[in-house]
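One structure is given here, and the rest of the page talks about it.
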Amino acid sequence: MALLFKFASLCCRPVALLPLLVILLTAPAQAATLLIVGDSLGASYGVNEKDGWVEGLRNALPQHTLINASVSGETSGGGLRRLPSLLSSASPDVVLIELGGNDGLRGFPPQQLKNNLTKMIALAKQAGAKVMLSEVMVPPNYGPRYEKAFTSVYQQLAEDKSVTLVPFFMTVIAPHPELMQRDGIHPNTVAQPKITAFMLPFIKHALDEVNNS
């Protein structure tokens, strides 16, 4: 109440209020914490960490904290098992889930993938975090039925759980052999800045949203 009266008295003195307004308008953006839970694509497998796309995001968003908890070979089941401790230690404002590629490579049922991702989304929301879900696709040689069922998991979850669906960044990388490592699965060093540029608008928008909410 005392603060309210003090503010009211300031309002009656425009000259005194002006410096306060200048400070508020020029103050740096509030910092937020982003937790990335992904697989080898999130971990930039085969690339020096300082050259990875997540490090590129850190450089572009220096006021925020980016925690990359991606692990090469991780499945949605593994991510689900690790998530509670990650949420507890990081207290993130935003969680980006980039998992499913290894589920697909191992031929796991799409329903199993959906169940795991559903639980991860619920845990992140319960922790008070905004959730972003990165779309993942499997190679066409898995057959159109499996491919469609797999891809639809992400679209359904985005709609049903009201989470932000981020398009699969490999769709702009994989068609270009010069951007891929010899295994034909992982992006090379040259591709990393392109992934950063692809992901940055989605990440920045999510961080801005939590700061303005």
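Both backbone and side-chain heavy atoms feed into the values below; hydrogens, waters and symmetry mates do not.
For the pair K161 and V131, the minimum side-chain heavy-atom distance is 4.5 Å or more.
In terms of modelled atom types and a separation under 3.5 Å, the side chain of D93 and the main chain of L207 share no donor-acceptor contact. Proximity of a side-chain donor or acceptor of E147 to a complementary backbone N or O of P139 within less than 3.5 Å is not detected. At distances below 3.5 Å, not a single donor-acceptor pair connects side-chain atoms of S88 with backbone N or O atoms of P84. Here the side chain of S89 pairs a donor or acceptor atom with the backbone of L86 at under 3.5 angstrom. Under a 3.5 Å cut-off, the side chain of N188 and the backbone N or O of E178 do form a donor-acceptor pair. Put simply, the side chain of T75 gets close to the backbone of G78: a donor and an acceptor are under 3.5 Å apart. With hydrogens and angles ignored, the 3.5 Å screen pairs a side-chain donor or acceptor of S70 with a backbone N or O of G38. Judged purely by atom type and a 3.5 angstrom limit, Y146 has no side-chain atom pairing as donor or acceptor with the backbone of N141. Between the side chain of E135 and the backbone N or O of V166 there is no donor-acceptor pair closer than 3.5 Å.
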With side chain to side chain donor-acceptor pair (under 3.5 Å) as the test, would you mind laying out the steps for S76 and D103 before giving the verdict?
-> CA-CA 7 Å; S76 61; D103 296 60; 2.6 Å; yes

Check: residues 197-205 side-chain donor-acceptor pairs under 3.5 Å, at least two apart:
from	atom 1	to	atom 2	distance (Å)
K204	NZ	D208	OD2	3.0
H205	NE2	E209	OE2	3.2

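Judged as a ring pair (Phe, Tyr, Trp, His ring centres under 6.0 Å), and not counting sequence neighbours, the contacts of F169 are W53. Y45 pairs by the ring pair (Phe, Tyr, Trp, His ring centres under 6.0 Å) definition with H186, not counting sequence neighbours.
Rounding to the nearest 0.5 Å gives a distance of 9.5 Å between CD1 of I67 and CD1 of I36.
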